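Read the structure below first, then the notes.
From a predicted model like this one, the values you see are computed outputs, not experimental measurements.
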Amino acid sequence: MQLATTSFMDKAVSPPALYALPIPTRNLPSRFLCCSNPSTAAASASTSWSPPPVPATTGTAPPVVKRRTRYRKQYPGESKGITEEMRFVAMRLRNRNGKKIDSQSDGDNTQSESDDNAPDESDADASESDGEKETWQPSLQGFLRYLVDSKLVFDTVERIVDDSNDVAYAYFRMTGLERSEAISRDLEWFGEQGNVIPEPSNAGVSYAKYLKELSETSAPIFLCHFYNIYFSHISGGQVISRQVSERLLGGRELEFCTWEGDVPELIRGVREKLNKLGEHWSRDDKNKCLRETTKSFRSLGQIVRLIILETK
C-alpha cells in the first residue's frame with residue numbers, strides 16, 4: 001500500500017501530469033495568463049489600452065509680449081568723460097550771457113572757451129564805441145587784488161594735492177600747470193615797483209575755504225574744481241591778464257601767463273587722468289560735479305571782476 005501511494009505521488013507531481021491539469025482562469029485578461037505567448041500578450045495589451053483623448057483647443061495661444069529694455073539717456077559729453085560733461089555745462093553758462101561757442105570744439109582751443117564772467121575785447125570795443133553805455137576799465141589796484149586772490153586759490157589746491165593721503169590726489173601732483181610760484185614772482189615784481197600788495201579779498205578767502213572743506217569730504221567734487229580752476233585760467237584767465245598788461249603795464253609778459261611745457265599737452269594729460277578716475281564714479285557723484293562746475297566758474301568770475309572798476 002505504501003509503495004502504491006509513493007508511485008501515485010510520483011506521478012501526481014511529475015511535470016507532464018501537472019501541465020495536464022486544467023487551470024481556472026476566472027476570466028482574467030489574456031496578458032496575465034502564464035501560458036500565453038509574451039509577444040502576443042504585449043501586442044494585445046498595446047491594442048487594448050490607449051490614453052484618453054486630449055480635448056482640442058478652440059483658440060490660439062496669446063502672443064508673448066516682450067518688455068522693452070529702456071536705456072538711460074546719456075548726458076551731453078558723457079561718452080567722452082566727465083571733463084567733457086563739465087565743458088558742456090560751461091558752454092551753457094556762456095550761452096546764457098549771449099556768447100555762442102562751437103559745441104563740437106575739442107576743448108583745446110583755449111581762445112573760444114574763456115571764463116563766462118570774464119570781459120573780452122569785443123565787450124570793451126562795444127562799450128567804448130557807445131558813450132551812453134557803461135564802460136569797464138581795468139585798474140592796477142584791481143589787477144593786484146585779482147593776482148592776490150588767484151595766488152590764494154592756487155596755493156590752496158596745490159597744497160591739498162601735495163599733502164593729502166588720498167590716492168586719487170596723487171595723480172595730479174607736478175602736472176606742470178602749477179601757478180602759485182609764478183604769481184609770487186609777479187607780485188614780487190609789483191612790490192619792487194612801489195605798489196602796495198593788498199590782502200586777499202572775501203571772494204578769494206571764501207572760495208579757498210570751500211575748496212579745503214571739499215577736499216576732506218568728496219575727492220571727486222574737489223578734483224572737478226581743481227580741473228576747472230586750471231582750465232579757466234588757461235582758457236580765459238591768461239587772455240585777460242595779457243589784455244590788462246597791454247593797457248596798464250606796456251605789454252609786459254607776466255610769469256602768471258607763461259609755462260615751461262606745451263600747455264595743450266599739459267591740460268590734456270590732466271584731462272585724461274580725471275576722465276579715467278571718473279569712470280569709477282557713480283552717476284550721482286558725476287551729477288554733483290556738474291552742479292559744482294557752475295559754482296566753480298561763478299567763484300572764479302567773482303575773482304576776475306576784481307580787476308575792473310565800473311565807470312560812467
Side-chain angles (χ1 to χ4, degrees), residues 75-78 80-99 101 103 107 110 113-120 145-161 164 166 168-169 172 175 177 179-180 183 200-240 267 270-271 273-275 277-278 281-308:
Y75 286 75
E78 183 177 357
K80 293 185 178 181
I82 185 61
T83 61
E84 187 70 6
E85 293 187 53
M86 293 190 294
R87 191 174 71 87
F88 272 90
V89 173
M91 289 193 298
R92 285 196 295 268
L93 291 175
R94 287 175 55 85
N95 291 339
R96 289 174 186 173
N97 293 335
K99 302 176 182 179
I101 58 178
S103 61
T110 59
E113 299 180 9
S114 57
D115 186 6
D116 62 295
N117 291 309
D120 55 15
R145 289 199 299 268
Y146 164 72
L147 290 179
V148 169
D149 279 26
S150 297
K151 181 179 182 302
L152 176 61
V153 171
F154 282 107
D155 273 341
T156 301
V157 295
E158 291 167 11
R159 183 175 61 253
I160 290 173
V161 168
S164 176
D166 195 314
Y169 296 163
F172 302 95
T175 62
L177 298 175
R179 295 290 85 197
S180 179
I183 302 177
S201 69
N202 291 332
V205 172
S206 60
Y207 189 40
K209 180 180 178 181
Y210 182 65
L211 292 172
K212 189 175 185 304
E213 294 173 354
L214 283 179
S215 67
E216 298 173 352
T217 58
S218 176
I221 296 179
F222 170 78
L223 289 176
C224 288
H225 276 267
F226 175 91
Y227 175 81
N228 287 327
I229 289 170
Y230 287 101
F231 177 78
S232 177
H233 173 60
I234 293 172
S235 61
Q238 63 167 334
V239 178
I240 298 171
I267 192 65
V270 174
R271 182 188 302 120
K273 292 177 182 178
L274 187 58
N275 286 336
L277 285 177
W281 298 347
S282 65
R283 186 64 252 180
D284 183 59
D285 285 338
K286 293 181 180 179
N287 291 341
K288 291 178 180 178
C289 289
L290 298 183
R291 290 193 293 268
E292 289 292 322
T293 297
T294 302
K295 294 182 181 180
S296 176
F297 278 95
R298 287 177 178 173
S299 298
L300 295 171
Q302 292 177 357
I303 297 176
V304 170
R305 288 184 178 274
L306 295 174
I307 300 175
I308 56 180

### Query
If you measure from CD on Glu158 to CD1 on Ile160, what distance do you get to the nearest 0.5 Å?
10.5 Å
### Query
Side chain of Asp149, backbone of Ser201: donor and acceptor closer than 3.5 Å?
yes
#### Entry: Those residues that, when tested against Tyr210, pass ring pair (Phe, Tyr, Trp, His ring centres under 6.0 Å) (two or more places apart)
His225
### Summary
So the salt bridge (Lys or Arg N to Asp or Glu O under 4.0 Å) pairs with at least one residue in residues 217-231 (sequence neighbours excluded) are none
### Query
Once you round to the nearest 0.5 Å, how far does SG of Cys289 lie from OH of Tyr227?
13.0 Å
### Query
Going by heavy atoms in the side chains, are Cys224 and Met86 under 4.5 Å from each other?
yes
### Task
Write down the atom of Ala219, the atom of Tyr169, and the distance for their closest heavy-atom approach.
CA-OH, 3.4 Å
### Query
Which heavy atom in Ile303 sits nearest to a heavy atom in Gly204, and how many Å separate them?
CD1-CA, 4.2 Å
### Side chain to side chain, Phe222 and Ser164, heavy atoms closer than 4.5 Å
no
### From CG (Leu211) to OG (Ser206), nearest 0.5 Å
9.5 Å
### Task
Might you point out which heavy atoms bring Val270 and Leu177 nearest each other, and give the distance in Å?
CG2-CD1, 3.8 Å
### Task
Check Thr156, Asn202, Ile229, Leu152 against Tyr207 for a side-chain contact (heavy atoms from CB on, under 4.5 Å) and give me the one that passes.
Ile229
### Task
Please check if the side chain of Asn275 supplies one atom and the backbone of Thr83 the other of a donor-acceptor pair under 3.5 Å.
yes
#### Entry: Nearest-0.5 Å distance that lies between atom OH in Tyr146 and atom CD1 in Ile308
12.0 Å
### Query
Does anything in residues 219-231 pair up under salt bridge (Lys or Arg N to Asp or Glu O under 4.0 Å), and if so which pairs, sequence neighbours excluded?
none
#### Entry: Pairing residues for Glu216 by the salt bridge (Lys or Arg N to Asp or Glu O under 4.0 Å) criterion, not counting sequence neighbours
Lys212
### Message
Once ring pair (Phe, Tyr, Trp, His ring centres under 6.0 Å) is applied, do any residues pair with Phe226, and if so which ones, sequence neighbours excluded?
### Response
Phe172, Tyr230
## Note on the structure
Distance col, row Ile307:CD1 vs Ser150:OG, nearest 0.5 angstrom, shows 7.5 Å
### Task
Can you measure from CD1 (Ile82) to CG (Asn287) and round to the nearest 0.5 angstrom?
8.0 Å
### Query
Thr175: what forms a side chain to side chain donor-acceptor pair (under 3.5 Å) with it, not counting sequence neighbours?
Glu178
